[in-house]
Amino acid sequence: MLPKTYDPKTAEDRIYRMWEESCAFVADVKSAKEPFTISLPPPNATGQLHVGNAMMIALEDVFIRFQRMRGKEALWVPGTDHAAIATESFVIRKLQKEQKMRDPRKELGREKLLKGIHAFVENSKKTIRGQIRKMGASCDWSREHYTMEPALNRIVVEVFVKMYRDGLIYRGNRIVNWDPALQTTVSDDEIIYEERKEPFYTFKYGPFEISTSRPETKFGDKYVVMHPDDMRYAKYTHGEKMTVEWINGPVETTVIKDKAVDPEFGTGVMTITPWHDHADFEIAERHKLDKEQIIGFDGKLLPIAGEFSGLTLKDARPKIVEKLKAKGLLVGVKEDYLHNVALSQRGKGMIEPQIKEQWFIDVNKRVVKWKRRELSLKEVMQEVVQTGLIKIIPNRFEKTYFHWIDNLRDWCISRQIWWGHRIPVWYRNAAGASDIHVGVQPPKGTAWEQDSDTLDTWFSSALWTWSTLVDRSLAGDFDLTLEDILLKSPDFLKFHPTDVLETGYDILFFWVARMILMTTYVTGAMPELEYGQAPFDVVYLHGLIRDREGRKMSKTHPETNIDPIDVIGKYGADALRLAMIVGQSPGNDFRLYEEKIAGYRNFVNKLWNASRFVLMKCEEEKKDPSKIASLPPVNELTLADRALLHALQALIHDVASGLQQYRLSEVGERLYAFVWDYFCDWYLELSKGTVNLDVLVHALRTIIKLLHPYCPFVTEELWASLKPADAGMLIREQWPTITSELQDQQSFDQLLTLINVITAIRKLRSEQRIAPGKQLTVTIFSKEHAQLLDSQSGHIRRLAKVGSLTIAAHPQELKSTVAVILAGAEVHLSLAGLINKDAELKKLAKEGDELRRYISGIEAKLRDRSFTDKAPPKVVEAERRKLEETSAKLKTICERIRSLA
RNA sequence: GGGCAAUUAGCUCAGCUGGUUAGAGCGUGCGACUCACAUUCGCAAGGUCACUGGUUCGAGUCCAGUAUUGCCCACCA
């Protein structure tokens with residue numbers, strides 16, 4: 001016998017082990033079944049799974065389990081990401097804290113530090129694997145991958161070289177976002193802006209006045225820029241040179257006219273610092289101006305700053321302002337000037353733009369082959385979404401996506417960190433000439449030195465949907481080309497493109513867009529792949545998880561922060577999964593808090609107890625549930641059974657069609673309501689009278705199958721007790737199908753009637769409108785109803801708490817009875833005068849008032865010619881019917897009031 | 001500055017292509033030791049669907065504007 005409450009703790013690990021040991025998650029590449037593939041967005045191998053990861057696992061597992069049961073060859077590829085900068089900075093901070101190292105990079109050197117990070121990552125991977133399992137994820141562990149494994153490294157390098165040869169990757173001096181704290185560049189997308197109030201200074205600069213919030217960068221300013229149409233400065237000509245007194249003495253400056261200057265802002269004149277400002281850099285590029293470095297990569301001023309050389313920016317600023325003031329060049333200071341400062345998303349340190357030699361991907365060059373045409377990367381990315389090859393859910397993000405592409409600049413892919421895929425480029429200075437080698441393998445010969453930079457972590461993630469499907473044994477064979485490797489990999493041929501990419505909308509640009517970029521680029525040149533594949537058909541974007549107050553989940557608010565693993569320990573994985581799926585809608589943020597999870601824990605327990613009840617019944621009747629194989633003939637079933645089977649058909653339909661449209665939340669609610677309100681509250685209640693165990697077991701099995709994608713553990717556990725003898729595990733069961741013979745709307749309506757009768761009795765009782773212990777007579781018009789009620793009389797008697805219950809097939813003494821007309825059915829309850837008169841009258845009067853108000857509303861509507869003439873006849877007819885029904889109801893109520901009074 | 005979204009019960013949210021008296025969960029109040037389940041069961045209260053106009057026979061739903069909130073992108077020296 002099952003225990004009274006379901007205990008997920010003992011069951012979940014055992015069930016997961018059973019699935020895994022029996023290879024239930026392993027996809028068969030040789031199968032003839034249609035494939036269904038998802039690549040798990042690889043969590044960062046930096047320690048722990050967070051709620052966002054848990055959410056995506058829950059959603060994806062629903063897709064996968066559903067499709068697997070529907071008969072697809074479902075493959076879910078798990079893995080982890082090396083998360084270059086995140087991991088490296090995490091480990092460095094850790095070393096600083098735990099081992100009191102000042103600068104771990106210097107103290108350990110490249111190799112030792114990498115070894116340390118590697119050990120840390122291996123450990124994290126272990127943790128994360130365990131945590132993904134805790135969620136119940138049915139991913140194929142035999143195909144687990146890691147972005148830095150040798151096979152993937154080979155692919156990364158191949159793609160780099162291919163792009164280099166196509167002229168899409170180039171090396172150039174460009175202004176980049178430099179993070180002095182982490183000593184690396186970061187991409188535009190890795191910057192956050194923070195509003196700050198800082199003083200805003202205005203200085204005298206020759207005949208001009210210029211304003212700045214960063215005087216410490218102004219040493220090298222030797223260009224003064226204004227708008228060409230600004231009449232105030234019309235007397236100065238473009239290219240005019242003059243000498244002005246500046247911080248460290250006189251400097252020669254040149255007048256530049258450029259439309260980038262806003263005449264309305266400040267004095268309409270500015271000086272530029274091209275080395276340390278994006279906008280200034282662009283102006284300088286346009287006019288081919290000199291650029292000078294002012295700030296070192298360590299964040300300190302360079303010798304150009306003269307006496308201020310070596311100072312940090314923070315220390316230098318007041319001193320410089322002081323000096324300018326002393327020289328009489330300070331015109332004014334506006335305190336509390338509000339502006340945005342760029343901060344590193346990772347370390348939260350200031351970003352100092354710098355000019356550096358970096359590797360870039362050209363997004364505008366039209367050399368990308370796609371469907372037999374040559375386009376730019378930008379154009380391909382736009383096309384696949386525009387033509388509907390890729391569909392984004394919710395579709396409003398397609399707009400965001402296009403907007404992002406429109407503004408996309410060349411992608412800086414090199415990073416000055418050590419943890420990551422090393423750039424496959426070698427340099428050599430021999431005989432005064434410098435050589436460069438770009439290749440999959442290191443060059444032969446001596447004196448070659450590899451580029452010390454590594455690749456942006458998103459470069460390798462961008463290949464994820466297919467780099468994980470490559471046959472590992474081929475990756476070591478350097479006679480093969482990238483195309484050969486792909487075409488010889490059975491997994492790739494069978495399972496790519498993937499079906500759904502499910503992730504948070506916050507990494508649409510970081511990752512999703514870049515996967516599209518890389519995959520279309522690589523496959524577009526391959527005739528065998530019809531000149532181009534997208535990495536996936538559908539992008540499902542979930543929202544961010546927030547706490548009860550709407551804040552982002554974070555450890556800084558431990559009282560509301562939810563750690564998925566803690567929650568699973570407390571409420572079970574099924575409850576967590578349900579809580580994260582139901583109520584969640586794509587693209588919208590979602591609040592998660594403990595009560596929600598507790599609510600679904602209760603639901604899981606409800607399902608558990610419903611099953612327990614069924615099993616108890618089986619035991620009572622000495623019936624072995626495993627021997628129940630099929631339904632008895634329909635014509636032998638009772639009304640209630642037929643109604644239940646009908647309702648199940650509708651449920652099967654709704655669940656399948658909802659899931660195919662990715663409406664997970666709605667389907668979850670539908671299942672929740674069905675199990676709780678219909679199956680438990682009504683059908684099982686009715687079954688307490690007479691039971692057809694075959695139907696009961698069949699219905700429960702169906703429900704359990706439908707619920708399995710949402711809460712796999714409890715359903716698998718229950719399945720073990722309920723399944724037919726020859727059936728295997730639930731995870732591999734077939735999805736229920738709709739049988740038209742079982743559709744029986746009439747029975748369903750009649751059962752509703754019965755339910756209404758019972759509701760009415762309950763209500764009467766709870767409102768104390770009938771006295772307990774008295775006789776209750778139910779009179780009904782239809783023979784079928786009478787039979788039905790008769791079979792339930794014991795149950796109703798209990799509900800109504802009456803001493804006896806009489807059921808008659810014909811109305812008797814209608815005059816002296818108080819009848820309740822129940823919606824759409826001719827069933828009356830006769831209370832044989834044993835009611836609490838005052839309570840009843842009050843109730844009836846209220847009901848009557850409501851109905852009268854409602855009726856007059858409909859009447860007014862029907863009198864309105866514009867309605868009756870213009871509305872569709874169907875609608876008008878419906879209103880008429882409504883009026884008739886309601887009037888009849890009101891009439892009965894009036895009669896009852898009369899008979900009472 | 002450009003863009004996207006949200007605004008429905010005390011709280012968290014559903015409400016698909018405009019059509020019965022706008023729903024759920026939680027919370028609240030009242031009642032119940034009903035033999036699967038107190039992680040339960042029954043009942044009730046609570047909403048001029050942010051505001052103002054418009055389209056329509058009919059608007060929570062479509063359109064325009066306003067307000068508030070949130071997010072994304074760009075960025076001004």
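All of these numbers come straight from a predicted model, not from anything done at the bench. All chains are named by letter (A, B, ...) in the order of the sequence lines, taking the proteins before the strands, and each is independently numbered beginning at 1.
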If we take the C1' atom in both rC49(B) and rA24(B), what is their distance in whole Å? 16 Å
Rounded to whole angstroms, how far apart are CG on Leu862(A) and P on rG58(B)? 15 Å
Is the centre of the Tyr401(A) ring less than 6.0 Å from the centre of the Phe397(A) ring? no
Would you sort out whether Glu595(A) and Arg548(A) count as a salt bridge (Lys or Arg N to Asp or Glu O under 4.0 Å), showing the intermediate values? CA-CA 10 Å; Glu595(A) 291 91 314; Arg548(A) 192 202 318 271; 3.0 Å; yes
So what does Arg601(A) touch, heavy atoms closer than 4.0 Å: a base, only the sugar-phosphate, or nothing? base
Can a side chain N or O of Lys4(A) be found less than 4.0 Å away from OP1 or OP2 on rU40(B)? no
Val261(A) vs Val269(A) side-chain heavy atoms within contact, under 4.5 Å: no
For atom CZ of Arg863(A) and atom C1' of rG58(B), their distance in whole Å: 17 Å
Let me spell it out: for each of Lys399(A) and Ala598(A), pick the nucleotide of RNA chain B with the closest heavy atom. Which residue's pick is nearer the 5' end? Lys399(A)
Donor-acceptor side-chain pairing of Thr253(A) and Asp221(A) below 3.5 angstrom: no
Using the P atom on both, measure rU68(B) against rG25(B) and round to a whole Å. 35 Å
Please determine, by modelled atom types, if His287(A) and Asp258(A) share a side-chain donor-acceptor pair under 3.5 angstrom. yes
If you draw the axis of the six-membered ring of Tyr571(A), does the NZ or CZ of Arg601(A) fall within 45° of it and under 6.0 Å from the ring centre? no
Report yes if some heavy atom in the side chain of Lys259(A) is under 4.5 Å from a heavy atom in the side chain of Arg286(A); otherwise report no. no
Going 5' to 3' through nucleotides 72-77 of chain B and flagging B where a protein heavy-atom sits under 4.0 Å of the base, S where only the sugar-phosphate is that close, and - otherwise, we get SSBBBB
C1' atoms of rC62(B) and rC16(B), separation to the nearest Å: 15 Å
Would you say the ring centers of Tyr205(A) and Trp246(A) fall short of 6.0 Å from each other? yes
Which dot-bracket string describes RNA chain B (Watson-Crick N1-N3 plus N6-O4 or O6-N4, or G-U N1-O2 and O6-N3, all under 3.5 Å; [ ] crossing; | other strand)? (((((((..((((.....[...)))).(((((.......))))).....(((((..]....))))))))))))....
Closest contact, heavy atoms only, Thr267(A) versus Glu209(A): OG1-O, 2.5 Å
Does the side chain of Lys222(A) reach to within under 4.5 Å of the side chain of Glu292(A), using non-hydrogen atoms? yes
Gap in Å between the two C1' atoms, one belonging to rG15(B) and one to rU52(B), rounded: 24 Å
Using atom CG of Asp677(A) as one end and atom C1' of rG23(B) as the other, report the distance to the nearest whole Å. 12 Å
rA22(B) to rC63(B) separation - P atoms, rounded to the nearest Å: 23 Å
Are the side chains of Leu722(A) and Leu700(A) in touch, meaning some heavy atoms are under 4.5 Å apart? yes
To the nearest Å, how far apart are Glu619(A) CD and rC35(B) P? 18 Å
Could you tell me how far rC37(B) sits from rG42(B) if I compare only their C1' atoms? Round to whole Å. 15 Å
May I have the distance from Phe397(A) (atom CZ) to rA6(B) (atom P), rounded to whole angstrom? 11 Å
What is the separation between atom OH on Tyr571(A) and atom P on rC26(B), rounded to the nearest whole Å? 14 Å
In whole angstroms, how far is the P atom of rU28(B) from the CD atom of Glu595(A)? 11 Å
Any side-chain donor paired with an acceptor under 3.5 Å for Glu352(A) and Asn177(A)? no
Should Tyr201(A) and Ser211(A) count as side-chain neighbours, where that means a heavy-atom distance under 4.5 Å? no
Please enumerate all protein N or O atoms sitting under 3.5 Å from an N or O of nucleotides 60-62 of chain B, with distances to 0.1 Å.
none

Sugar-phosphate atoms are those with a prime plus P, OP1 and OP2; base atoms are the rest. Using that split, label each nucleotide of nucleotides 10-16 of chain B B, S or - for protein heavy atoms under 4.0 Å, 5' to 3'. --SSSSS
Taking the minimum atom-to-atom distance to the side chain of Asn609(A), which one of rC37(B), rA5(B), rC57(B) wins? rC37(B)
Value in whole Å for how far the C1' atom of rC26(B) lies from CH2 of Trp676(A): 12 Å
Does any non-hydrogen side-chain atom of Glu879(A) lie less than 4.5 Å from one of Phe867(A)? yes
Are Tyr672(A) and Phe603(A) an aromatic pair by the rule of ring centers under 6.0 Å? yes
Can you tabulate the close N/O pairs, meaning under 3.5 Å, that link protein atoms to atoms of nucleotides 18-22 of chain B?
{"from": "rU20(B)", "atom 1": "O3'", "to": "Lys882(A)", "atom 2": "NZ", "distance (Å)": "3.2"}
{"from": "rU20(B)", "atom 1": "O2'", "to": "Tyr854(A)", "atom 2": "OH", "distance (Å)": "2.8"}
{"from": "rU21(B)", "atom 1": "OP1", "to": "Tyr854(A)", "atom 2": "OH", "distance (Å)": "3.4"}

For nucleotides rU39(B) and rC26(B), find the distance between their P atoms and express it as a whole number of Å. 13 Å
How far, in whole Å, is rU8(B) from rU69(B) if one measures between their P atoms? 15 Å
Quick one, Asp547(A) with Arg591(A), criterion salt bridge (Lys or Arg N to Asp or Glu O under 4.0 Å). Give me CA distance, side-chain angles, the key distance, then yes/no. CA-CA 5 Å; Asp547(A) 66 13; Arg591(A) 297 187 191 202; over 6 Å; no
Just by distance, with hydrogens left out, do Ser585(A) and Ser665(A) show a side-chain donor and acceptor under 3.5 Å apart? no
Residues in side chain to side chain donor-acceptor pair (under 3.5 Å) with Asn609(A), at least two apart? Asn605(A), Arg612(A)
